[in-house]
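Worksheet for the structure shown next.
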Amino acid sequence: MSERPARPPWSEFKSALDGAGFHPSRRLGQNFLLDENIARAIVADAGIVEGDRVLEIGPGLGFLSVHLAHVGARLACIEVDTRLAPIAAEFLASYPDAQVILADALAGKHKLGPELLAQVPAEGDWHLVANLPYSISGPVLALIAQLPNPPRSLTVLVQTEVAGRLAAEGGSATFGPLSVAVQLAYRMRSGRRVSPEAFTPRPKVESRLAHGELRSPLLPHGARLEVRDLAASLLQRRRQVLRRVLGDHLGDREISYTVLEQAGLDPGLRVGQVTLEGWEALARGINPALGIPEGPTT
């Protein structure tokens with residue numbers, strides 16, 4: 001691969017932004033990753049190679065996108081800001097396999113946008129690599145992990161606190177609905193730290209990469225949704241005793257004891273102490289037809 005052409009100076013992008021009347025939006029979580037070494041490292045950490053199908057959410061001005069495009073990724077970038085999208089598209093114009101799509105990644109809090117979904121193949125491998133806008137990182141990742149054909153890998157730059165929740169150990173204080181939703185599909189780990197100085201404007205929090213590799217075998221789509229919804233419902237009362245919360249959820253205390261016995265879980269556990277495997281076992285006990293196998297996936 002030849003050396004990537006030098007990026008024009010920030011002053012040129014700044015002039016284009018000023019001409020478009022642009023001011024970074026805290027609501028949209030707009031922080032541009034200026035550090036070229038970090039952008040290059042993200043692509044290397046993601047393991048993206050020529051021909052890989054990649055989705056990027058929130059490309060901004062394309063500073064990470066251009067590194068993905070340069071290694072030969074078939075790249076689709078979803079950008080919500082009408083002022084940023086044309087600047088990014090112009091910056092990526094020399095890469096025919098890269099496109100910038102003006103659209104919102106979300107169609108409400110609990111649904112991905114149709115333009116994003118149009119870029120998701122019904123089958124076959126694809127990857128998510130992104131400096132995710134802070135304001136949507138949790139909802140987007142939870143929804144993407146529950147797709148019928150989720151990405152083969154995730155490499156996302158998020159707030160350090162979110163990275164911790166994504167990779168939280170089952171049953172820990174930081175293990176919650178987001179952890180369950182994503183870990184049902186992925187083996188998650190935290191990656192390199194990125195300081196606020198790498199961005200403009202500088203965020204008030206530190207960022208960290210989060211990496212996910214798709215589990216194998218992957219639970220059936222319907223089973224992942226059932227486990228996710230069960231955990232999200234019961235974890236609203238995470239400090240309470242599991243037998244009581246499950247009994248209220250099922251509307252029958254006696255049945256809850258039977259389910260807990262089948263799941264091999266101590267009825268005296270607090271809801272927040274249930275691990276990922278525990279949530280799968282509970283869902284299997286409630287509805288054996290879900291097809292959730294016994295034993296952990298890899």
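The structure displayed is predicted, hence computed values, not measured ones.
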Leu246, Asp248, Leu282 screened by side-chain contact (heavy atoms from CB on, under 4.5 Å) with Ser256, the one that passes: Leu246
Check against side-chain hydrogen bond (donor to acceptor under 3.5 Å, both in side chains), Tyr95 and Ser65: CA-CA 10 Å; Tyr95 297 98; Ser65 319; over 6 Å; no
Trp10 and Phe32 aromatic ring geometry - parallel, tilted or perpendicular at 30°/60° bounds: tilted
Glu56 side chain to Gly62 backbone, donor-acceptor under 3.5 Å: no
Leu112 with Val120, same ILVMFWY side-chain cluster at under 4.5 Å: yes
Polar contact flag, side-chain donor to acceptor under 3.5 angstrom, Glu206-Thr160: no
Asp52/Arg152 salt bridge by N-O under 4.0 Å criterion: no
Donor-acceptor under 3.5 Å (Arg215 side chain, Gln183 main chain): yes
Test applied, side-chain contact (heavy atoms from CB on, under 4.5 Å); reference residue, Glu79; option that passes from Ile101, Ile57, Leu84: Leu84
Pairing of Arg53 and Asp125 as salt bridge, 4.0 angstrom limit: no
Side-chain ion pair, Arg284 and Glu280, N-O less than 4.0 Å: no
Flag if over 12 foreign heavy atoms under 6.0 Å of CD, Glu123: no
